[in-house]
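Accompanying notes for the structure given below.
Labels below follow one simple rule: chain letters A, B, ... track the order of the sequence lines, proteins then strands, and each chain is numbered from 1.
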Protein chains: 2
Amino acid sequence: MSGFKSDQYGTCTLTVKHACPIELTMHIIGGKWKGIILSLLSQSPMYYNAIRREIPGITQRILTLQLRDLEKDGIIKREETNDTPKKVLYYLTALGEDLAPILKSIEKWGNAYMSNQ
Amino acid sequence: MSGFKSDQYGTCTLTVKHACPIELTMHIIGGKWKGIILSLLSQSPMYYNAIRREIPGITQRILTLQLRDLEKDGIIKREETNDTPKKVLYYLTALGEDLAPILKSIEKWGNAYMSNQ
DNA sequence: CGGTATCCAAGTCGATACTG
DNA sequence: CAGTATCGACTTGGATACCG
């Protein structure tokens, strides 16, 4: 359905054909850690290591990959400081902000689901 | 993070550890076609073949797999008729109904995203 | 501090053919 | 009509080590 070429560093949405808007959105926020990353950033901008500390279990490689994906898809912005060593701040774009309430409701449903078991 | 056993027919949520409610929800609705399936069923109950007709490009095997997953996770119900040949009706559970507005907003965001490109 | 490079395992989907 | 069975391919995530 999506006969696309992806590279080593995740899939660039622009090269992926998504006839369906639901499929498109799910592809953008559907990475294993993207939901948590976005819900963290929806509270405030964060530096790389701060995000990492908040997500125990994620490796550097994977965190970087997911951040790159989100950046490519226009959901977050990346900003380096001039310090040495440099720090990198991540924060939501306007597009990303629009996702926040959706993530919230997803989280709420998940919580309800869990207490239902 | 989720050290689980999955079988040939998809993953049973009950055996998967999801510390995070977002991750849990994404895992339940994150299959490639689950969003579309759920948004179809949110309009009305449908027979297997009707669903299949509405989703060109999905194979029987994959449709069945995704339906099984959704059933296992308590999102949809499966009901056979007594006809010959039998027909199978699928419809949302209460839990599934609660997902409908979320899917709607996901679809809306996806549409806004697409016109933004 | 914030990454890359390699290599590997698991998950997920698809094509195709066949069945009660 | 509504599935199963087999097999193969691609995608995604993870372990580990190293770098400017």
**Message:** Five pairs per end, C1' atoms only: what is the angle between the end axes of the helix from dC1(C)-dG20(D) to dG20(C)-dC1(D), to 10 degrees?
**Reply:**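 Here the helix ends are tilted 60° relative to one another.
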Distance check needed: [N] [atom2] versus [X] [atom1], whole Å only.
X: I51(B); N: dA2(D); atom1: CD1; atom2: P; answer: 9 Å
X: I58(A); N: dT16(D); atom1: CD1; atom2: P; answer: 16 Å
X: N82(A); N: dG20(D); atom1: CG; atom2: P; answer: 21 Å
X: Q66(B); N: dG3(D); atom1: CD; atom2: P; answer: 14 Å
X: L63(B); N: dA15(C); atom1: CG; atom2: C1'; answer: 16 Å
X: M26(B); N: dG11(C); atom1: CE; atom2: P; answer: 18 Å
X: R52(B); N: dT4(D); atom1: CZ; atom2: P; answer: 14 Å
X: I36(B); N: dC13(C); atom1: CD1; atom2: P; answer: 11 Å

Does a side-chain N or O from [X] land closer than 4.0 Å to OP1 or OP2 of [N], or not?
X: Y90(A); N: dC1(C); result: no
X: R68(A); N: dT12(D); result: no
X: R61(B); N: dA2(D); result: no

**Prompt:** Do the side-chain N and O atoms of E79(B) and Y91(B) include a donor-acceptor pair separated by under 3.5 angstrom?
**Reply:**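 Y91(B) and E79(B) do have a side-chain donor-acceptor pair below 3.5 Å.
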**Prompt:** To the nearest 0.5 Å, what is the distance between CD1 (I28(A)) and CG (D73(A))?
**Reply:**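 Separation between the atoms: 4.5 Å.
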**Prompt:** What residue pairs, at least two apart or across chains, pass salt bridge (Lys or Arg N to Asp or Glu O under 4.0 Å) with a residue in residues 44-59 of chain A?
**Reply:**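 Residue pairs with at least one partner in residues 44-59 of chain A: there are none.
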Side-chain donor/acceptor pairs under 3.5 Å, residues 98-105 of chain B, sequence neighbours excluded:
from    : atom 1 : to      : atom 2 : distance (Å)
K104(B) : NZ     : E107(B) : OE1    : 3.2
S105(B) : OG     : P101(B) : O      : 3.4
S105(B) : OG     : I102(B) : O      : 2.8

Side chain of [X]: nearest nucleotide among [options]?
X: H27(B); options: dT12(C), dG14(D), dC1(C); answer: dT12(C)
X: Y47(A); options: dT16(D), dG2(C), dA15(C); answer: dG2(C)
X: T59(A); options: dG3(D), dC13(C), dT16(D); answer: dT16(D)
X: K32(A); options: dG3(D), dA5(D), dG14(D); answer: dG14(D)
X: R78(B); options: dT16(C), dC7(C), dG3(D); answer: dG3(D)
X: Y48(B); options: dG14(C), dT4(C), dA2(D); answer: dA2(D)
X: K87(B); options: dG2(C), dT4(C), dC1(D); answer: dC1(D)

**Request:** Could you pick out which residue, G30(A) or P85(A), lies toward the 5' side of DNA chain D when each is mapped onto its nearest nucleotide?
**Result:**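 Closer to the 5' end of DNA chain D: G30(A).
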**Message:** With nearest nucleotide decided by heavy atoms, which residue, G31(A) or K86(A), maps closer to the 5′ end of DNA chain D?
**Reply:**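 First, find each residue's nearest nucleotide; the 5'-ward one identifies G31(A).
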Pair up each side-chain donor or acceptor in residues 34-49 of chain A with any protein partner under 3.5 Å, not counting sequence neighbours, and list the distances.
from   : atom 1 : to     : atom 2 : distance (Å)
K34(A) : NZ     : D69(A) : OD2    : 3.2
S39(A) : OG     : I36(A) : O      : 3.4
S42(A) : OG     : S39(A) : O      : 2.8
Q43(A) : NE2    : S39(A) : O      : 3.3
Y48(A) : OH     : Q60(A) : O      : 3.2
Y48(A) : OH     : T64(A) : OG1    : 3.0

**Partners passing side chain to side chain donor-acceptor pair (under 3.5 Å) against N82(B) (at least two apart in sequence or in another chain)** =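 Per chain and number, N82(B) pairs via side chain to side chain donor-acceptor pair (under 3.5 Å) with no residue.
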**Request:** Using the test side chain to side chain donor-acceptor pair (under 3.5 Å), find all partners of E97(B) that sit at least two apart in sequence or belong to another chain.
**Result:**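 For E97(B) there are no side chain to side chain donor-acceptor pair (under 3.5 Å) partners, ignoring immediate neighbours.
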**Request:** Could you tell me whether the side chain of T81(B) and the main chain of K87(B) form a donor-acceptor pair under 3.5 Å?
**Result:**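 Checked: pair present.
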